Amino acid sequence: MIKLDKVTKVYKGEVVALRDAEVDIQKGEFVFLVGASGSGKSTMLRLMNKEESPEKGRIWVAGKDIAELSSWKVPYLRRNIGTVFQDFKLLPNKTVQENVAFALEVIGRPRHVIKSQVPAILELVGLAKKLERYPHELSGGEQQRVSIARAFVNRPLILLADEPTGNLDPDTSLGIMKLLDRINRTGTTVVMASHDRGIVDTMRRRVIELDRGVIVRDQARGVYE
Amino acid sequence: MALKVDYFVKETGRNLFRNPWLTIATVVTVFVAILLVGVSLLVRSGVQNATARWQGGIEFIVFMNPEATPDQIDSVARDLSENPQVETAEFKDKDQSYAEFLELFADTPEFTANITPDVLPTSFNVKPSRVDPELIEGLVLQFAEKPGVREVVAASQAIREIKSLSDGLSTGILAAALLLTLAAVVLIGNTIQTAIFARRREIEVMKLVGATNWFIRVPFMLEGILQGVVGAIAGIGGVYVVNGIVERRVQQADALSLLSSFVIKSEDVFTISIFLLGGGVLMAAIASAIAVTFYVKV
Ligand SMILES: Nc1ncnc2c1ncn2[C@@H]1O[C@H](COP(=O)(O)OP(=O)(O)O)[C@@H](O)[C@H]1O
Ligand SMILES: [Mg+2]
């Protein structure tokens, strides 16, 4: 589903954020990217949805070489990739359901599809009773559920999550992990950057560890270490 | 599709009202620029009609009697062509004079209805070798004497001055209009940049969920174009008002004065309006397209 072949990313000609990275992720896998802050986790995720382009190497996503992808096709790539962030990136002036609907509206989905899918996905993430709330009226965990709903409402093949539990307390984090696990069980490939030891250790999934831009470990059913 | 139209209308409206003063400043600038271009075109077209016969260095016209014989006409033609002080002399027959006459008095059909080609004189439009009042006066006197000539009419100093004045005037106005157009382009770009900055969170989300560049850009472009359209329509309204004022002044003027021939045909005003609307929209569209391509990238 995702394959990195000797990928090197250099920022501003001097910061080597990723060096010769080799990664092969199968469809339906759940993968943790772990490593200290600044080790290159976010960079790897940003390369996967072409927010960044590599200086060297090739990247395949869903069978396509995205290094070759012309810029007008990038939006269509991203429709197959949901993204979730530590800071949720919700729009403060829109309600919960408007935030989720927005993601479908701006890719031109018809109204009846939006009407049926938005409540369904919000039900799935456990927010059926809070459709009309604004983000500031929700707890951090609830906000993250909204952002996951928004990332998943279009049923993407891949979900990229960049420290989705970074701002949440352990109990709430566990709830978010259960949700991501459920999404993964529907066949969605999940790649999640984290430096939350507790979470990585409980999930027991594949772990790829980065150290200053270099992959130092790639282990099935691994722990944080 | 219906949903998209809703979306674009909603977003465009929101952008416009986010910063009303900037929007107003932009629209007013477009309005003044369009008005100036319009007035300059009006002046040009009016002066052109008033001085239509005196284009291209024609300094005097030798009108023949309507009943002048072909021999008399030939002889005047020969004298003109042999005279070293005459550079060119262009003959106009009755039909050409009639066509020109219809053109000049197109706005007063009650006048043209009674005229037929035979009552109009044939004439020679003469361009002298030098624009020298003494030389021209000599030629005028000389040809007025020839048999078959009814009269010789010279372009007066007044006409010459009006032409150069109006040329200067409309060039000046056009230069000012050009500067204002530049200001309008910058302001439109600026409004769009402000709107894009105000909505950077939305734009970030749109990119992440896979909205296409053009989908993101369209509301901002429509905003710029709408400002151009509103400014241009106001400018065209202004042009009609100016034209109305000029028309009233011309009607009140002494029929024989130069001003009375300063007519702007209503079809000219219409053509100018279409041109202004097209120009305004094109300018706004280009400014918007540049701004959105510059500020919204994948
Ligand atoms: N946009 C950027 N411009 C310059 N340097 C960057 C940029 N993004 C990240 N970096 C650098 O690249 C390295 C890896 O960063 P990042 O991928 O964010 O690591 P992580 O997500 O593991 O904390 C760091 O040294 C960081 O400072
Ligand atoms: Mg990071």
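For clarity, every value in this text was computed on a predicted model and none was experimentally measured. So that the names make sense, note that chain A is the first sequence line, chain B the second, and so on, each numbered from 1. Side-chain atoms are counted along with the backbone in the values below, which use heavy atoms only and exclude waters and symmetry mates.
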Does [X] reach the side chain of [Y], with side-chain heavy atoms less than 4.5 Å apart?
{"X": "Asn213(B)", "Y": "Trp72(A)", "value": "no"}
{"X": "Phe102(A)", "Y": "Val209(B)", "value": "no"}
{"X": "Val205(B)", "Y": "Arg150(A)", "value": "yes"}

Exercise for the section: Apply side-chain contact (heavy atoms from CB on, under 4.5 Å) to the pair Arg79(A) and Thr212(B), showing each step before the final yes or no. Expected result: CA-CA 10 Å; Arg79(A) 289 177 193 190; Thr212(B) 58; 3.7 Å; yes

Exercise for the section: Count the heavy atoms belonging to other residues, nucleotides or ligands that lie under 6.0 Å from CZ of Arg182(A), then report whether that count exceeds 12. Expected result: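 Not buried by this count: 12 neighbours or fewer within 6.0 Å.
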
Exercise for the section: Check whether more than 12 heavy atoms from other residues, nucleotides or ligands sit under 6.0 Å from atom CZ of Arg19(A), and answer yes or no. Expected result: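 No.
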
Practice task
Tell me, please, which residues at least two apart from Phe32(A) pass ring pair (Phe, Tyr, Trp, His ring centres under 6.0 Å).
Solution key: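 Expected list: Phe30(A).
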
Problem - Residue pairs involving residues 40-49 of chain A (criterion side chain to side chain donor-acceptor pair (under 3.5 Å); sequence neighbours excluded) - result: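 Found Tyr11(A)-Thr43(A), Tyr11(A)-Arg46(A), Ser42(A)-Asp162(A), Asn49(A)-Glu51(A).
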
Handout entry: chain B contact via Leu77(A) - which portion, at a heavy-atom distance below 4.5 Å
Key =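 Neither the backbone nor the side chain of Leu77(A) comes within 4.5 Å of chain B.
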
Handout entry: Contact list for residues 117-143 of chain A, test salt bridge (Lys or Arg N to Asp or Glu O under 4.0 Å), sequence neighbours left out
Key =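 For residues 117-143 of chain A: Lys130(A)-Glu142(A).
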
Problem - Per-residue contacts, residues 83-96 of chain A versus chain B, heavy atoms under 4.5 Å - result: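 If one takes a 4.5 Å heavy-atom cut-off, the residues of residues 83-96 of chain A near chain B are Thr83(A), Phe85(A), Lys89(A), Leu90(A), Leu91(A), Pro92(A), Asn93(A), Lys94(A).
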
